[in-house]
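Okay, structure first, notes after.
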Number of protein chains: 2
Amino acid sequence: MSSKKPTIKDVARLAGVSFKTVSRVVNNEAWVSDDIKTRVQAVIAQLNYQPNRTARLMRTAPFSLAFVYDNPNSHYVIEMQNGILSQCRQKGFELVIHPTDSHSGQVLQELTTIIGSNQVGGVILTPPLSENRELVQQLLAQQAKVVRIVSGSAPPDDLCPTIYVDDEQAGFSITRHLLTQGHRRIAFLGYHKDHQSSLGRYRGYCAALHEAGLTVSEQLVITGDFTFDSGVAMTEQLLQRGDKPSALFGCNDEIAAGALFTARMHQLAVPQDLSIVGFENSPFSRQTWPRLTTVHQPNAEIAAKAADLLIGLMLESEQHSEHCGFELQLVLRDSVSLLS
Amino acid sequence: MSSKKPTIKDVARLAGVSFKTVSRVVNNEAWVSDDIKTRVQAVIAQLNYQPNRTARLMRTAPFSLAFVYDNPNSHYVIEMQNGILSQCRQKGFELVIHPTDSHSGQVLQELTTIIGSNQVGGVILTPPLSENRELVQQLLAQQAKVVRIVSGSAPPDDLCPTIYVDDEQAGFSITRHLLTQGHRRIAFLGYHKDHQSSLGRYRGYCAALHEAGLTVSEQLVITGDFTFDSGVAMTEQLLQRGDKPSALFGCNDEIAAGALFTARMHQLAVPQDLSIVGFENSPFSRQTWPRLTTVHQPNAEIAAKAADLLIGLMLESEQHSEHCGFELQLVLRDSVSLLS
DNA sequence: AAAATTCATGTCAACGTTGTCATATTTTTA
DNA sequence: TAAAAATATGACAACGTTGACATGAATTTT
């Protein structure tokens, strides 16, 4: 009943052919007569034969790729994962997820291990790891294929295929949206000098203010990271001060949700007393009250594209750097008021 | 510069020993002289040699396990994943994530493929797949190791090691909490006849009402699934009716958040006009306003335990069924009022 | 009708490990 | 001090596949 898994030789024996012929049928190679092909396929079905991936892997390049991330945002990770997985399944690849700590200084070693042991043939790097040029180079030096996702309006260099997401443009759009609604004192929450997405969004914010003839007030730019708790803390800090803003640009939806929460604590009605916008269009932003006006970031699509490029790279051995840019669209909802 | 990856034979040549001896050093086998051991280790370090996992896998049992789930809840999946991953890393195992659609009828075939091709040696099954007794049996028949996570106060059978989570007990506790706060008309949102967790929580809800001498009103038990949107729809349905409840038990935090949202739309203050409780203690439940009273479900811990059991099973070949139960604790926050 | 070409199949060596067994050396025991 | 046991090492097969090459049959070309 529960016998050993059938091998290619078992199939061969039963079909009365050499095991190489079975291999040909399995891999859909040319020059197999239809006669034998059907016969072999019948036996394969009968025995329920499945080629052993491990053994196959010994003769071929690895068909696993790693998704490397350092990001506490569940929605982000899941969306990315799903996007990558959709491509992997289509093309028979496997996904290895690799959450890591970019500050530990161990990332290179960790990745070296999984690459060196042939566990994966390529990696998808997300911010902030993707911004580490040296890391990319060292992975490349290990003959690994690399695709990275970065913030920017163009790829920073030609090291490897790159997906770039135009945070600046989107930061500009959403800030201008607040301006057209009459807001003049707009705070920026989540500035972080080491965080490219934050900086891009900040540049867009500044550009929009300048275009409207306004100057950027340092008072209104608050430093913090991309979490709910940080959003709460930054908003507290802001509201403590005298001259309150009429609108608030959260660098991502979690910060914005933190701001929403804090506004609520201070008996401020959103959007009547304070307008708030977020960034990312995570499911979360549809589930707050009021629903957040935000920027749609198509994570699953971005990830799928990254996986697509990486798999292309892994299949053809040529290392031609193809890039791909994403523009982000405004999503208007209920957290912004029209100032008269 | 970028030469081929070193193999065990390269190490052997450089160290002047047979490659078998190197294998012994790598695997920490007995009967290697300290002298040679250090010499070999030096060469390993020098060449930066990493054993090829794929080749090793050809001679050993697979050390990958699959996390199989059909659940749209990002927080849940991420917490589970992290819990499993923590164990995998500790013990040198690999994780294959396998989201699937339990209604497609393809699950068995999908899992058969990844098991049959030696991609994984074991699987962790979560609800609702873990409740499918036949599926478990068929996986077992394929010599796969299985650990399942189910809802219940005891394992349903001895098929395989089982993690059981006492939803009934927790549903009872949280309902009783509402009762002690003076609530009498308590709605139950998210009843689903095919969903064991829902049923468990429902049974707890009923038991608490009975204990308080109340009867369960069909009017107050609303069927739906475990999503925000369903929570909105169910709350709408409930509020449409004449006789409104004073409290509302959402079968998970997302339902509760949907209820919160809808209450807000209807100008009902929570908890003053309506109390709401959730279930799961997802990060989400701390980020709503007001923060949700809920039940803590230690997903990462549960998942880690499951991985631990599964890895144990994969290492020792004996199939002894060890089980493990989890009790759930109430988390009191701000979404329940004291009714006078 | 012989030679060349295409098609169909088979043989055998790899891939980089681990397991089995044999052998050489050292240490212990009788 | 010879025999036995323990220790240390190596030779070689095996895992299940794919790739390089060989071979034989059928078909086309000259």
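In what follows, chains are A, B, ... by sequence order, proteins preceding strands, each numbered from 1.
One distance of note links NE2 of His195(A) with CZ of Phe226(A); it measures 4.0 Å at 0.5 Å rounding. Here the CZ atom belonging to Arg39(B) is positioned 8.0 Å from the OG atom belonging to Ser33(B), to the nearest 0.5 angstrom. In this structure, Leu108(B) CG and Leu139(B) CG are separated by 6.0 Å, a value rounded to the nearest 0.5 Å.
Asp10(B) and Arg13(B) are joined by a salt bridge, as a carboxylate oxygen and a charged side-chain nitrogen come within less than 4.0 angstrom of each other.
When the nucleotides dT18(D), dT9(C), dA8(D) are ranked by their closest atom to the side chain of Arg56(A), dT18(D) comes out on top. The side chain of Thr7(B) sits closest to dT17(C) out of dT17(D), dT9(C), dT17(C). Distance from the side chain of Met58(B) is smallest to dG16(D) among dT17(D), dG16(D), dT18(C). The side chain of Ser18(A) has dG10(C) as its nearest neighbour among dG16(C), dT18(D), dG10(C). Between dG16(C), dT18(D), dA11(D), one nucleotide has an atom nearer to the side chain of Ala55(B) than all others, and that is dG16(C). Closest to the side chain of Lys20(A), from the set dT9(C), dT11(C), dG10(D), is dT11(C). Distances from the side chain of Trp31(B) to the nucleotides dT17(C), dT9(D), dT9(C) place dT9(D) closest.
One can place CG of Asn28(B) at 15 Å from C1' of dT18(C), the figure rounded to the nearest angstrom. For Lys9(B) and dC15(C), the NZ to C1' distance is 9 Å, given to the nearest whole Å. Regarding Lys5(B), its NZ atom lies at a distance of 15 Å from the C1' atom of dT17(C), rounded to whole Å. Atom CD1 in Ile8(B) sits about 14 Å away from atom P in dC15(C), given to the nearest Å. One atom, CZ of Arg24(A), and another, P of dA20(D), lie 12 Å apart when rounded to the nearest Å. Taking atom CZ on Phe63(A) and atom P on dT18(D), their separation rounds to 9 Å, with Å as the unit. In this structure, the CG atom of Leu57(B) is 12 Å from the C1' atom of dG16(D), given to the nearest Å. Phe19(A) has its CZ atom 11 Å from the C1' atom of dG19(D), to the nearest Å.
Between Asn118(B) and dG16(D) there is no side-chain polar atom (N or O) within less than 4.0 angstrom of OP1 or OP2. Put simply, Asn27(B) has a side-chain N or O that comes within less than 4.0 Å of OP1 or OP2 on dT18(C). Note on Ser23(A): a side-chain N or O is less than 4.0 Å away from OP1 or OP2 of dT18(D). An OP1 or OP2 oxygen of dG10(D) is reached within less than 4.0 angstrom by a side-chain nitrogen or oxygen of Thr21(B). In terms of phosphate contacts, Ser33(B) brings no side-chain nitrogen or oxygen within less than 4.0 Å of OP1 or OP2 of dA8(D).
Between Pro6(A) and Val17(B), the residue anchored closer to the 5' end of DNA chain D is Val17(B), taking for each the nucleotide with the nearest heavy atom.
One side chain, Asn299(A) or Gln297(A), offers a donor N or O that lies under 3.5 Å from an acceptor on the other. Side chains of Asn118(B) and Lys5(A): a donor on one and an acceptor on the other come within 3.5 Å.
Contact annotation for Val26(B): no contact, since no heavy-atom pair falls under 4.0 Å across all strands.
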